[in-house]
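Take a look at the structure below.
On a predicted model such as this, the values are computed, not experimentally measured, just so you know. Below, chain A is the first sequence line, B the second, and so on; all start at residue 1.
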2 protein chains.
Amino acid sequence: MAPAVIERRALRQELTSKRVRMTAQRRLLIDIIQNAKRHLDAAALLKLARKHDPRVNRATVYRTLSLLKRLSLIDELDLMHIEGEKHYYEAKTQSDHLHLACFRCGEIIEYISPTFERLKQEIGAENGFRIAVTRLEVGGTCARCARAAAPTVP
Amino acid sequence: MAPAVIERRALRQELTSKRVRMTAQRRLLIDIIQNAKRHLDAAALLKLARKHDPRVNRATVYRTLSLLKRLSLIDELDLMHIEGEKHYYEAKTQSDHLHLACFRCGEIIEYISPTFERLKQEIGAENGFRIAVTRLEVGGTCARCARAAAPTVP
DNA sequence: ATTAATGCAAAGGATTTGCAATACC
DNA sequence: GGTATTGCAAATCCTTTGCATTAAT
């Protein structure tokens with residue numbers, strides 16, 4: 001099972017400390033991203049933001065996302081394109097986690113693994129590669145769907 | 001260093017054995033993918049295909065790619081969006097390899113890792129997740145660029 | 001006051017689709 | 001001959017851009 005607790009940094013603080021101009025829109029978008037219970041794409045983020053302030057513009061959402069990406073404050077995911085070509089976003093966490101996407105039910109399982117951490121170290125050590133971002137996504141069938149599909153597993 | 005030899009399955013055989021109708025276009029596209037020296041996106045694939053047969057259509061390229069993906073004969077990569085939002089494709093290899101994308105020079109390093117294989121096993125074992133596809137992409141600075149950028153590394 | 005961020009509307013790029021014509025088995 | 005695949009062109013989806021306006025420091 002994946003540990004449920006993944007601590008998130010306070011994005012707002014990070015931004016002001018980096019002297020990034022803090023606008024109402026950014027505050028709003030950041031709060032939404034930080035407190036999101038599921039992975040949001042740009043459209044979903046826009047929709048949520050507009051509930052609080054209908055004037056938030058689509059372009060602002062994209063610009064804010066690219067700002068946060070550039071500053072390495074959020075990670076971008078594809079979730080194996082389980083639902084079209086959109087990108088999903090999440091606040092960066094202290095230790096990377098990987099995503100298991102079930103093609104059958106669409107569930108996304110987050111998973112932290114010491115082996116993954118080791119793999120990253122090896123990549124640096126063996127290649128001299130300085131890692132900035134990693135994205136490990138896995139597609140397949142989750143345990144529940146696998147059981148449902150083949151009830152006669154030994 | 002990444003091992004250079006990565007054996008590729010014969011896509012054409014795989015297809016006919018699966019009773020997929022073999023058209024001239026598919027033969028052409030498959031051959032190109034199989035013998036590609038670099039990672040191709042749909043547009044590049046179309047361009048190469050048209051050198052041999054100018055009538056190959058863009059839609060056919062996309063349809064063939066999605067067929068091959070569906071049959072798990074190719075892998076789809078983003079290469080960390082190092083060059084826009086397109087997707088890249090490569091014939092599936094026996095053991096997965098991961099991609100290191102250098103943000104500075106754009107080089108893509110392919111890398112096979114036993115640790116990665118172990119990680120996949122763990123995911124299956126600990127989650128009961130049946131893995132169909134994996135995609136591990138790493139973005140950062142390659143050794144050469146790192147050296148160039150900071151010549152005074154201890 | 002200066003400079004950066006926003007909204008708007010239009011453009012852009014990648015991918016998909018409906019349908020008639022064509023090629024495979 | 002029957003069915004899957006293709007070409008074509010238009011449509012769709014996601015994202016970006018130029019520019020005048022507005023807001024932050």
Side-chain angles (χ1 to χ4, degrees), chain A residues 11-13 15-33 39-50 52-71 73-74 76-89, chain B residues 11-13 15-33 39-50 52-71 73-74 76-89:
Chain A
L11 294 185
R12 246 152 95 168
Q13 285 179 25
L15 280 181
T16 42
S17 85
K18 287 183 181 176
R19 307 235 144 46
V20 172
R21 202 169 283 196
M22 188 49 66
T23 66
Q25 290 89 328
R26 284 179 178 166
R27 255 190 298 275
L28 176 54
L29 293 170
I30 285 167
D31 283 356
I32 294 174
I33 292 173
H39 295 104
L40 300 175
D41 66 347
L45 182 51
L46 175 63
K47 203 170 164 189
L48 285 178
R50 280 189 165 157
H52 290 260
D53 180 351
R55 285 166 310 171
V56 176
N57 192 268
R58 172 183 280 99
T60 302
V61 170
Y62 280 104
R63 288 191 273 232
T64 302
L65 287 172
S66 98
L67 170 73
L68 296 173
K69 229 190 323 180
R70 208 176 327 117
L71 296 175
L73 297 175
I74 56 172
E76 188 183 61
L77 316 168
D78 287 343
L79 302 182
M80 283 325 244
H81 300 133
I82 230 171
E83 234 187 297
E85 296 300 307
K86 31 190 165 183
H87 297 126
Y88 299 85
Y89 300 90
Chain B
L11 294 185
R12 245 152 96 169
Q13 285 179 26
L15 280 181
T16 41
S17 84
K18 287 183 181 177
R19 308 237 142 47
V20 172
R21 200 170 283 195
M22 189 49 65
T23 67
Q25 290 89 327
R26 284 180 180 167
R27 254 190 300 274
L28 177 54
L29 292 171
I30 284 167
D31 284 356
I32 294 173
I33 292 173
H39 294 106
L40 300 173
D41 66 346
L45 182 53
L46 175 63
K47 203 170 164 190
L48 286 178
R50 280 188 166 156
H52 291 260
D53 181 350
R55 286 167 311 171
V56 176
N57 192 268
R58 173 182 280 99
T60 302
V61 170
Y62 281 104
R63 287 192 274 233
T64 302
L65 287 172
S66 96
L67 170 73
L68 296 172
K69 230 188 327 177
R70 209 177 325 118
L71 296 175
L73 297 175
I74 56 172
E76 188 182 60
L77 317 168
D78 287 342
L79 302 182
M80 283 326 243
H81 300 133
I82 229 171
E83 233 187 299
E85 295 299 307
K86 30 190 167 186
H87 297 127
Y88 299 86
Y89 300 90

How many Å lie between [atom1] on [X] and [atom2] on [N], as a whole number?
X       : N      : atom1 : atom2 : answer
A:Lys18 : D:dA24 : NZ    : P     : 22 Å
A:Asp41 : D:dT15 : CG    : C1'   : 12 Å
B:Leu15 : C:dC25 : CG    : C1'   : 15 Å
A:Glu83 : C:dT15 : CD    : P     : 18 Å
A:Glu85 : D:dA11 : CD    : P     : 22 Å
A:Lys86 : C:dG13 : NZ    : C1'   : 18 Å
B:Asp78 : D:dT15 : CG    : P     : 12 Å
A:Leu79 : D:dC14 : CG    : P     : 14 Å

Any side-chain N or O of [X] less than 4.0 Å from the OP1 or OP2 oxygen of [N]?
X       : N      : value
B:Asn57 : D:dT6  : no
A:Gln25 : D:dA23 : no
A:Arg26 : C:dA5  : yes
A:Arg58 : C:dA9  : no
B:His87 : C:dA14 : no
A:Tyr62 : D:dT16 : no
A:Thr23 : C:dA4  : no

Straight-line distance of B:His39 NE2 to B:Lys86 NZ, nearest 0.5 Å: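 Going from NE2 on B:His39 over to NZ on B:Lys86, the span is 14.0 Å.
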
Using 0.5 Å steps for rounding, measure from the CG atom of A:Leu65 to the CG atom of A:Leu73.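 Result: 12.0 Å between the selected atoms.
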
Heavy-atom count check: over 12 atoms from other residues, nucleotides or ligands less than 6.0 Å from A:Arg27 CZ?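 Yes.
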
Verify the neighbour count for atom CZ of B:Arg50: are there more than 12 heavy atoms of other residues, nucleotides or ligands below 6.0 Å? yes

Does A:Lys69 or B:Ala24 map to a spot on DNA chain D nearer the 5' end, using the closest nucleotide for each? B:Ala24

Name the residue closer to the 5' end of DNA chain C, choosing between B:Arg27 and B:Ser66 according to the nucleotide with the nearest heavy atom. B:Ser66

Reading DNA chain C from 5' onward, which residue's closest nucleotide shows up sooner: B:Arg63 or A:Arg55? A:Arg55

Answer with base, sugar-phosphate or nothing: what part of the nucleic acid does B:Ala42 contact at a heavy-atom distance below 4.0 Å?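 Sugar-phosphate contact only.
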
With distance as the sole criterion, do the side chain of A:Arg21 and the base of C:dT3 form a donor-acceptor contact below 3.5 Å?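 Side chain to base: pair present.
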
Of all heavy-atom pairs linking A:Tyr88 and A:Asp41, the shortest is CD2-N, 3.9 Å

